[in-house]
Amino acid sequence: MHFTCNGTDLNFDIAHCTVAGWTGRDRTAIDHHIKELAALGVTPPSSVPLYYRVSPELLTQQSEIQVVGDNTSGEVEPLLLCAGGQTYLGLASDHTDRDLEAHSVAHSKQVCPKPCAGELWEFAPLAARLDELQLRSWIQENGEKTLYQEGSLASIRPLDELMDGAGFLEAAADGAAAMLCGTLGVRGDVRPAGEFFMELHDPVENRSIRHSYRIKPLPVVA
């Protein structure tokens with residue numbers, strides 16, 4: 001995949017991709033969310049956080065993705081990428097099949113593409129102030145761009161902790177590795193949309209990474 005970082009072009013052959021789930025820093029809020037999902041038929045996680053391995057080919061920078069059915073939705077997340085001993089921070093969406101999620105969270109993560117932005121930031125200079133970084137997403141809804149998620153990385157477990165839990169740096173020893181690091185709560189209900197917009201904002205340096213994509217549902221054939 002092709003990225004840019006500080007004006008430098010980077011090309012990575014990503015060999016490992018992990019989606020970290022249940023990564024909220026507030027355990028009480030996580031437990032409440034687990035109960036909400038259980039009421040919808042979603043099996044509670046075996047541990048918190050939980051790390052789902054998915055195919056690296058799911059990562060995409062395309063402006064449109066195709067999914068099966070009309071009940072999928074995006075989740076704005078920090079993206080970590082490690083290659084050649086260097087770690088980068090970016091932006092991705094853990095787009096998920098909500099119908100399949102009720103049967104298997106792991107399978108629901110595997111069946112949808114994971115859109116990501118083409119820009120990265122160096123991780124090391126940000127490591128001491130990651131909690132200041134802000135995530136936002138919007139959806140196209142009723143002809144309008146509607147704020148869907150908003151919060152800071154302080155709502156997510158420290159990224160170093162997630163890297164350790166997933167064995168992220170070890171995985172990168174034999175090929176570039178990527179990890180989506182969990183998301184924020186949504187405004188209103190989790191719901192599908194025709195277009196998803198997302199942003200990672202650094203208020204100190206007043207810079208942002210942005211990406212958007214359209215969602216094209218394919219028919220479900222019985």
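Heavy-atom basis, side chains included; hydrogens, waters and symmetry copies ignored. Bear in mind the structure is a predicted one, so any value in this text is a computation, not a measurement.
- Checked against V68 for a side chain to side chain contact (heavy atoms under 4.5 Å, CB included), the options V220, L100, D99 give a single hit: V220.
- Here R27 pairs with D31 in a salt bridge; the nearest charged N to carboxylate O distance falls below 4.0 Å.
- At least one donor-acceptor pair closer than 3.5 Å links the side chain of E77 to the backbone N or O of G182.
- Grouping the Ile, Leu, Val, Met, Phe, Trp and Tyr side chains by contacts below 4.5 angstrom, directly or via other members, places L50 apart from M163.
- A salt bridge is defined here as a Lys NZ or Arg NE, NH1 or NH2 lying under 4.0 Å from an Asp or Glu carboxylate O, and R214 with E195 fails to meet this definition.
- Remark: R25 engages D131 in a salt bridge, criterion side-chain N to carboxylate O under 4.0 Å.
- Side-chain N or O atoms of N142 include none that pairs as donor or acceptor with a backbone N or O of E144 at under 3.5 Å.
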Distance-only donor-acceptor pairs under 3.5 Å for side chains of residues 12-19, two or more places apart:
from	atom 1	to	atom 2	distance (Å)
H16	ND1	R53	NH2	3.3
H16	NE2	A171	O	3.2
H16	NE2	D174	OD1	2.9

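- The local environment of CD in Q62 is sparse, with at most 12 non-hydrogen atoms from other residues, nucleotides or ligands closer than 6.0 Å.
- Both V190 and I156 are assigned to one and the same hydrophobic cluster, defined by single-linkage of ILVMFWY side chains at heavy-atom distances under 4.5 Å.
- Between the side chain of H201 and the backbone N or O of R207, at least one donor-acceptor pair lies under 3.5 Å.
- A donor-acceptor pair under 3.5 Å is formed between the side chain of S93 and the backbone N or O of E75.
- Criterion: ILVMFWY side-chain heavy atoms under 4.5 Å apart, direct or through other members. Under it, L79 and V76 are not part of a common hydrophobic cluster.
- Using bins of under 30°, 30° to 60° and over 60° for the plane-to-plane angle, the ring pair Y148/F196 lands in the perpendicular bin.
- Evaluation of the side chain to side chain donor-acceptor pair (under 3.5 Å) test over residues 177-188, restricted to residues two or more places apart or in two chains, returns Q149-T183, E150-R187.
- Screening I209, D202, L126 against L89 for a side chain to side chain contact (heavy atoms under 4.5 Å, CB included) leaves a single residue, L126.
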Cut-off 3.5 Å, no hydrogens considered: what does the side-chain donor-acceptor table look like for residues 104-120, sequence neighbours left out?
from	atom 1	to	atom 2	distance (Å)
S104	OG	H107	N	3.1
S104	OG	H107	ND1	2.8
S108	OG	V105	O	2.7
K109	NZ	D94	OD2	2.7
Q110	OE1	S55	N	3.2
Q110	NE2	S55	OG	2.9
K114	NZ	D94	OD1	2.6
K114	NZ	H95	O	2.8
K114	NZ	K109	O	2.8
E119	OE2	W121	NE1	3.4

